[in-house]
Amino acid sequence: MREPGIDRRVFLKGAAAAGVAATSLACGPRSGQGTTRTEHSGPLVVRDIGGSYGAANRKAVYDPFTRETGIRIEVVNILHEQMIAQIKEGLPRFDVMDINMTHLALFKREGISEELDYGRLKNASNAGIATSLLSSHGVGKNYWASVLAYRTDAFGGKRPDSWADFWNLGRFPGGRALQGSLDWPELEFALLADGAPLDKLYPLDVDRAFAALDDIKGSVPAFWEGGAIPGELLGRKEVVASSVWNGRVQSLIKDGSPLAYAWNGARRQSNGYGIPKGAANPEAAYRLIDFALRPDVQAHFAQIHPAGPVVPAAYAYLSETAAADLASTPGHLRSGFDLDVEWWVENGDAVTRRWQAWARS
């Protein structure tokens, strides 16, 4: 679910340079630019990451929304620095942005997104959406998670079921892989392995986490920087256990790879919706966001793409089998945790610099 090739350092660099770079964008203007548009005089333009995620959006959200409202949707797949430049230029060529909640927090910090009017989002009201996903400038859309994956032929029938097991090189010998600086370093897993309670992870004890990481560093030949890499490392037997995004490992298992995974201690994140400053079609943007938060629409998306609904009522539309692979089923909510976006936005750059120095040492 993480957006390939984009991280917060690129985001911040793009934000600083946006005013200079705006005129050099390769992306052309939206049809009708330069004219005053009345509501629905043109399409609603949504930015998402494309790929299988974008295809699921098209099938479960965009096309049903168009059939119901008559509002046509166009999609752009542009990088964050291009988004920033367009907004700061005053001419964003998109009306809705579907991005990670971390980036929505960064957009808020840059002052380039609209504060949401939750009075216009009736499907977010009293719907059981986690408070952390009802932020002032972004609302959560669907959950994904980083989980513990392992080779089923590696441990003589034993199954590592926790990050403490992942750290237990005596009982579960072999190479490990953890996520690198593509996203926030996985300090939470080190703390859980060291005995920190699941509900008391934040604020992170950074020194304790690095001390725990020291314990397994010699058995970590790779820190992965792309979603496909953990599966490749496990497939080549370069490691026997790794953190991995849940959708990736589920796909590998369906394709016959000898892998399994544990939800215990999963680190959940969410994509969300925001509206850029200067959006040309805010009324339709609100209508789309509200539509996407309907329980039946949330369930339809989850049936197509392995991302868990943020609206609990969506599970009434899902079979037990379908729900078992999603990050937000009640059982998985209890056994995992939500990444604290605000803590990481505040502390992430300093922690990442320390992690990079540690990984090189």
Side-chain angles (χ1 to χ4, degrees), residues 2 6-13 100-103 105-106 132 144-150 160-227 229-230 233-234 238-246 261-269 335-361:
R2 175 77 176 174
I6 305 169
D7 63 25
R8 62 201 167 281
R9 292 163 296 162
V10 173
F11 173 95
L12 293 170
K13 182 178 179 182
N100 189 291
M101 289 295 288
T102 295
H103 285 101
L106 291 167
S132 60
W144 53 281
S146 296
V147 298
L148 189 170
Y150 57 93
D161 191 44
S162 68
W163 294 106
D165 289 341
F166 186 94
W167 254 252
N168 190 337
L169 298 171
R171 186 163 185 244
F172 298 99
R176 307 304 203 245
L178 288 167
Q179 187 169 290
S181 57
L182 170 70
D183 202 350
W184 310 117
E186 294 171 329
L187 268 61
E188 295 94 339
F189 298 157
L191 290 169
L192 291 172
D194 198 48
L198 193 69
D199 60 348
K200 298 186 185 303
L201 282 172
Y202 297 99
L204 298 184
D205 185 334
V206 176
D207 291 338
R208 180 181 177 184
F210 275 99
L213 284 166
D214 284 338
D215 291 340
I216 63 165
K217 185 178 182 182
S219 295
V220 184
F223 295 100
W224 53 271
E225 297 289 353
I229 296 176
L233 294 170
L234 288 162
E238 293 181 31
V239 301
V240 293
S242 178
S243 61
V244 63
W245 300 332
N246 67 287
Y261 65 100
W263 283 105
N264 190 21
R267 185 171 79 168
R268 288 186 300 271
Q269 297 188 60
S335 64
F337 64 94
D338 288 346
L339 179 141
D340 189 324
V341 169
E342 295 300 326
W343 190 92
W344 275 109
V345 168
E346 184 67 28
N347 300 281
D349 287 335
V351 171
T352 299
R353 285 193 296 270
R354 178 173 174 180
W355 183 90
Q356 290 169 335
W358 172 86
R360 291 192 299 265
S361 65

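What's counted below: heavy atoms across the whole structure, side chains too, no hydrogens, waters or symmetry copies. These numbers were taken from a predicted model, which means no experiment stands behind them.
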*State, with a plain yes or no, whether a side-chain heavy atom of E186 is found less than 4.5 Å away from one of S146.*
yes

*Considering non-hydrogen atoms only, spot the tightest contact between L182 and E225 and give its length.*
N-OE1, 2.7 Å

*Roughly how far, to the nearest 0.5 Å, is the OG atom of S162 from the CG atom of L198?*
11.5 Å

*For residues 190-206, pull every pair meeting salt bridge (Lys or Arg N to Asp or Glu O under 4.0 Å), keeping only residues two or more places apart or in separate chains.*
D194-R208

_How long is the straight-line distance from CG of L187 back to OG1 of T352, given to the nearest 0.5 Å?_
9.0 Å

*In Å and rounded to the nearest 0.5 Å, what is the CG to CG distance from L192 to L201?*
4.5 Å

_Spatial distance of atom CG (L178) from atom CG (L148) [nearest 0.5 Å]_ = 9.0 Å

_Within-4.5 Å side-chain heavy-atom neighbours: L169 and R176_ = yes

_I need the minimum non-hydrogen distance between A190 and L213, along with the two atoms involved._
CB-CG, 3.9 Å

_Restricting to side chain to side chain donor-acceptor pair (under 3.5 Å), what partner residues turn up for D214, sequence neighbours left out?_
W358

*Taking all atoms of both residues into account, what is the closest heavy-atom pair of F166 and I216, and its distance?*
CE2-CD1, 4.0 Å

*Donor-acceptor contact present, side-chain Y261 to main-chain V147, <3.5 Å*: no

*For W263, enumerate each residue passing the side chain to side chain donor-acceptor pair (under 3.5 Å) test, keeping only those at least two apart in sequence or located in another chain.*
H332

_Step-by-step side chain to side chain contact (heavy atoms under 4.5 Å, CB included) determination, L234 to V239_ = CA-CA 5 Å; L234 288 162; V239 301; 3.8 Å; yes

*Can you tell if the side chain of W355 reaches within under 4.5 Å of the side chain of F223, non-hydrogen atoms only?*
yes

*asked:* For a quick test of reading the model, state the closest non-hydrogen atom pair linking A266 to A145 and the distance between them.
replied: CB-CB, 4.2 Å

_Centroid separation under 6.0 Å, is that true for the rings of W343 and W184?_
no

*asked:* On a heavy-atom basis, which atom in P160 and which in A262 lie closest, and how many Å separate them?
replied: O-CB, 4.2 Å

*asked:* Would W245 and Q269 count as a side-chain hydrogen bond (donor to acceptor under 3.5 Å, both in side chains) here? Give the steps.
replied: CA-CA 10 Å; W245 300 332; Q269 297 188 60; over 6 Å; no

*asked:* Could you tell me if the side chain of L204 sits less than 4.5 Å from the side chain of W344, heavy atoms only?
replied: yes

*pair F337-R267: side-chain heavy atoms closer than 4.5 Å*: yes

*asked:* Determine whether a donor-acceptor pair (N or O, by modelled atom type, separation under 3.5 Å) exists between the side chain of W167 and the backbone of A212.
replied: yes

*Distance in Å, L191 CG paired with F189 CZ, rounded so as to fall on 0.5 Å steps*: 11.0 Å

_If we ignore hydrogens and angles and just use 3.5 Å, is the side chain of W224 paired with the main-chain N or O of S243 as donor and acceptor?_
yes

*asked:* Restricting to non-hydrogen atoms, name the atom on G336 and the atom on R268 that form the minimum distance, rounded to 0.1 Å.
replied: C-NH1, 3.4 Å

*Measure the OG1-CD distance between T102 and E342 for me, rounded to the nearest 0.5 Å.*
9.0 Å

_side chain to side chain contact (heavy atoms under 4.5 Å, CB included) assessment of V220 paired with K217_ = CA-CA 5 Å; V220 184; K217 185 178 182 182; 5.6 Å; no

*Decide yes or no on side chain to side chain contact (heavy atoms under 4.5 Å, CB included) for Y202 and L339, but give the supporting numbers first.*
CA-CA 9 Å; Y202 297 99; L339 179 141; 4.1 Å; yes

